[in-house]
Amino acid sequence: MKVRFMGVWVLVFAAVFAASLLIVTFSAPSAEAQTTTTGVLTGEKVVLDAGHGGSDPGASNAAYNLKEKDQNLDVAYKLKALLEASGATVYMTRTGDQTLSNNDRYVFANTTGANILISIHMNGSTNPDADYTNTLYGKWQKDKELALSVFDGLRTLPAATGTSPIATRTPYQYASGVLLKSNMPATIAETVFITNRDEGRLLS
Ligand SMILES: [Zn+2]
């Protein structure tokens, strides 16, 4: 379905755009990079953390039989393909329906030497009308700029209905082990509400 497809890709493109902006901003240009570049992210390493998994489904949308763990992984794979197409090396904390602790996630991330970590989530609410996008940061200095950069990409998403931009909630600090104990700048992207009736339809 065209509309659904566009919705997911707008989400992915927004995230890639934000990640690209940040990496380009923070990378010192080098002669080597310029002669060997096959994409704007060549030489950059990104950890993608699909939230939840295995025995932890995360939020869900019963009307469309959606589980957050599956949707997060789907977005992570689409984002991985786009990042790799731009030359980045991507590391995934999980590649299937594995159960991972926060400890598993940041310990893995810290072995990669990656520049940034993006943890992909979808929000949930008992109110099927609730929907907004935001990002979270843990380490005050290291993470905040990344969280704001990804948020700037996500906030350009269209709302699930109509053409106005999606509602936003200002990024805030959140004491997640994944954020606090990863060595690199890290953010949790609470992309959209999986429980929202229109987002559920678009995702499905
Ligand atoms: Zn989640």
Side-chain angles (χ1 to χ4, degrees), residues 7-8 10-12 14-16 18-19 46-80 90-109 116-139 143-144 146-151 153-155 157 160 166-182 184-204:
V8 170
V10 166
L11 182 69
V12 170
V16 169
V46 179
V47 175
L48 296 181
D49 174 43
H52 310 281
S55 61
D56 171 17
S60 60
N61 184 325
Y64 291 97
N65 194 28
L66 300 174
K67 291 176 181 155
E68 186 196 343
K69 64 176 183 176
D70 301 325
Q71 299 301 310
N72 292 340
L73 189 63
D74 190 36
V75 171
Y77 270 116
K78 289 183 166 70
L79 180 53
K80 177 177 186 283
V90 175
Y91 303 91
M92 307 265 286
T93 57
R94 68 178 174 97
T95 53
D97 192 23
Q98 298 103 332
T99 303
L100 295 181
S101 66
N102 281 347
N103 183 80
D104 294 332
R105 295 170 200 267
Y106 67 72
V107 166
F108 169 78
I116 61 170
L117 181 158
I118 299 180
S119 188
I120 299 163
H121 284 255
M122 295 184 187
N123 226 326
S125 170
T126 54
N127 175 3
D129 292 321
D131 193 26
Y132 59 75
T133 191
N134 83 323
T135 56
L136 310 174
Y137 54 89
K139 304 177 292 292
D143 293 355
K144 195 172 182 185
L146 174 63
L148 293 174
S149 180
V150 174
F151 178 69
L154 290 172
R155 73 189 306 170
L157 289 169
I166 190 170
T168 59
R169 177 173 177 184
T170 305
Y172 60 93
Q173 194 167 25
Y174 179 70
S176 150
V178 174
L179 299 181
L180 293 173
K181 296 188 177 177
S182 50
M184 68 290 292
T187 185
I188 291 176
E190 291 283 1
T191 51
V192 298
F193 275 67
I194 193 173
T195 47
N196 177 273
R197 68 179 96 243
D198 297 304
E199 296 290 3
R201 176 175 50 79
L202 292 170
L203 288 164
S204 71

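Here, residue 1 is the first one in the sequence, and each next residue gets the next number. In listed order, ligands and their atoms are each counted from 1.
- Within H52, the N/O/S atom positioned nearest the Zn ion (ligand 1) carries the name NE2.
- Its N, O or S atom nearest to the Zn ion (ligand 1) is what matters here, and for E68 that atom is OE2.
- For H121, the N, O or S atom with the smallest separation from the Zn ion (ligand 1) is ND1.
- When every heavy atom of Y132 is checked against every heavy atom of F193, the shortest pair comes out as N-CD1, 3.3 Å.
- Looking at D70 and K67, no side-chain N of the basic residue comes within less than 4.0 Å of a carboxylate O on the acidic one, giving no salt bridge.
- For the pair R169 and Y172, the cation-pi criterion (under 6.0 Å, within 45° of the ring axis) is fulfilled.
- The pair K69-D56 fails the salt-bridge criterion, with no side-chain N (NZ, NE, NH1 or NH2) lying under 4.0 Å from an Asp/Glu carboxylate O.
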